[in-house]
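Just so we're on the same page: letters track the sequence lines, and every chain starts at 1.
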Protein chains: 2
Amino acid sequence: MTTLVPVFAALGDDTRWSILTALGAGDASASALADQLPISRQAIAKHLAVLQEVGLVEPVRVGREVRFRVVGAQLGATARQLDEIGRQWDRRLESIKRIAESL
Amino acid sequence: MTTLVPVFAALGDDTRWSILTALGAGDASASALADQLPISRQAIAKHLAVLQEVGLVEPVRVGREVRFRVVGAQLGATARQLDEIGRQWDRRLESIKRIAESL
DNA sequence: CACATGTGCAACGCTTGAGTTGCACCCCAA
DNA sequence: TTGGGGTGCAACTCAAGCGTTGCACATGTG
């Protein structure tokens, strides 16, 4: 498993979400994304590197360009881990409640 | 619903996770947390403000101190939203597959 | 009341990250 | 083979975030 915190850090940026949603319309290269977004190609390339680092995005070579696709499974996996953590906290609250009720 | 991105930004920091896990042992004030963690009380107070801002933590006045408790439900809600987004991407891939197969 | 503990506010230094520009390289297509 | 679009690397600016220190204020407790 990829460590969780860097994934959240990657998801905690509006520009990266705009990149992810743009990629939702289909795989695209950094240059293609630069045409749709109001920032430079290099800025996008850096964001793609961050997203790739945490497994949210995957490079696909097509001819001389590098297109990127969203890895939906990684989103799901992260969601499950986060949900599990939430459940642990709920269980902890349950324990506290049981203790309180037994007084 | 609180907007999603700031929640991820809040969760994308190791120090804040150490605060959250410390709070897992029970509600605590910024001063109490400062005894367990290697950073100053004010730094912790800022982190708690960030966490409270996105609803991950809740203040509880106890006498003259302000203790904080983790809102597990917010973690669960965020997880569900993230999972839903992941499913949308999967569905999109499904659509692409169906198109490809119909050629 | 007086003291001490907990909190809040403000200013500062430092690091990190986002975004930019410029340039070099690679590789497909005409 | 040559030109142009795509990519990668490097250096720079600028803003934001983390953490610190110092001080003022409040509020229980002795």
Sub-4.5 Å side-chain heavy-atom contact between B:V71 and B:L56 = no
inquiry  = Counting only heavy atoms not in B:E53 (residues, nucleotides, ligands), do more than 12 fall under 6.0 Å from its CD?
reply    = no
request  = Go through the N and O atoms of the side chain of B:R64 and the base of C:dT5, and report whether any donor-acceptor pair is under 3.5 Å.
outcome  = yes
message = Less than 4.5 Å apart, side chain to side chain, heavy atoms only: is that true for B:L11 and B:L20?
response = yes
task = Specify the separation, in whole Å, of atom CD1 of A:I19 and atom P of C:dA18.
result = 10 Å
request  = Figure out the CD/P separation between A:E53 and C:dT16, and round it to whole Å.
outcome  = 16 Å
query = Hey, does the side chain of A:R16 come within less than 4.0 Å of C:dA18's phosphate (OP1/OP2), counting only N and O?
reply = yes
query = Where does the angle between the aromatic ring planes of B:W17 and A:F8 fall among parallel (under 30°), tilted (30 to 60°) and perpendicular (over 60°)?
reply = parallel
key: Distance below 4.0 Å between A:T15 side-chain N/O and C:dG19 OP1 or OP2   = yes
inquiry  = Does A:R67 reach a base, just sugar-phosphate, or nothing at all? Heavy atoms under 4.0 Å.
reply    = nothing
note = Of A:E65 and B:G63, the one whose nearest nucleotide on DNA chain D sits closer to the 5' end is A:E65
inquiry  = Any residue in residues 33-52 of chain B with a heavy atom nearer than 4.0 angstrom to DNA chain C? Just list them by number, or reply none.
reply    = B:R41, B:Q42, B:K46
ask   = Do A:Q52 and A:P59 have side chains that get closer than 4.5 Å, going by heavy atoms?
value = yes
A:L75 CG to B:W89 CH2 distance, which is reported to the nearest 0.5 Å = 6.0 Å
